[in-house]
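Take a look at the structure set out below.
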Amino acid sequence: MAYLVTMPEIQLDEETIERLDSLRVEDESFDEIVSELINIYEAEERTLFHGGDYSGD
C-alpha cells in the first residue's frame, strides 16, 4: 500500500517573502532556504538542550 504525503500549503505575507528573497544565494529555491533555516534552528535547539549537560570539569 502506498501513501501519498503532501506538504501543507502556507501563505506568506509580502514582508516575509522579501526577507526570504534577501537570503537567497544565486538560484536557491525557497524550499532550500526554509530547509536550511529549519536545520539551523534544530542545531541551535540541540545546542541549548545539551548546554545544561556541561559539568565544568
Side-chain angles (χ1 to χ4, degrees):
M1 177 182 253
Y3 293 96
L4 178 61
V5 177
T6 59
M7 293 296 291
E9 187 174 313
I10 60 169
Q11 300 290 321
L12 302 174
D13 63 24
E14 189 65 32
E15 180 183 351
T16 302
I17 293 171
E18 289 173 7
R19 291 177 68 189
L20 287 173
D21 203 30
S22 71
L23 296 173
R24 291 173 70 172
V25 177
E26 296 179 12
D27 293 330
E28 190 174 30
S29 72
F30 285 124
D31 287 344
E32 291 170 319
I33 293 170
V34 171
S35 292
E36 186 174 342
L37 291 171
I38 290 170
N39 289 337
I40 291 168
Y41 173 79
E42 289 175 343
E44 288 180 358
E45 187 177 70
R46 283 190 299 273
T47 300
L48 289 173
F49 178 75
H50 292 297
D53 294 342
Y54 179 70
S55 62
D57 293 62

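All values below come from the heavy atoms of this structure, side chains included, with hydrogens, waters and symmetry mates left out.
- With sequence neighbours left out, Leu37 forms a side chain to side chain contact (heavy atoms under 4.5 Å, CB included) with Leu20, Leu23, Ile33.
- Here the CG-CD distance, from Asp13 to Glu18, works out to 9.0 Å after rounding to the nearest 0.5 Å.
- Contacts of Asp27 classified as salt bridge (Lys or Arg N to Asp or Glu O under 4.0 Å), with partners at least two apart in sequence or in another chain: none.
- Take Asp31 and apply the side chain to side chain donor-acceptor pair (under 3.5 Å) test, not counting sequence neighbours, and it matches no residue.
- Residues satisfying the salt bridge (Lys or Arg N to Asp or Glu O under 4.0 Å) test with Arg19, not counting sequence neighbours, are none.
- For Asp21, the side chain to side chain donor-acceptor pair (under 3.5 Å) test picks out Arg24, with sequence neighbours left out.
- Residue Ile38 is found in a hydrophobic cluster whose other members, listed by chain and number, are Val34; membership requires side-chain heavy atoms under 4.5 Å apart, directly or through intermediates.
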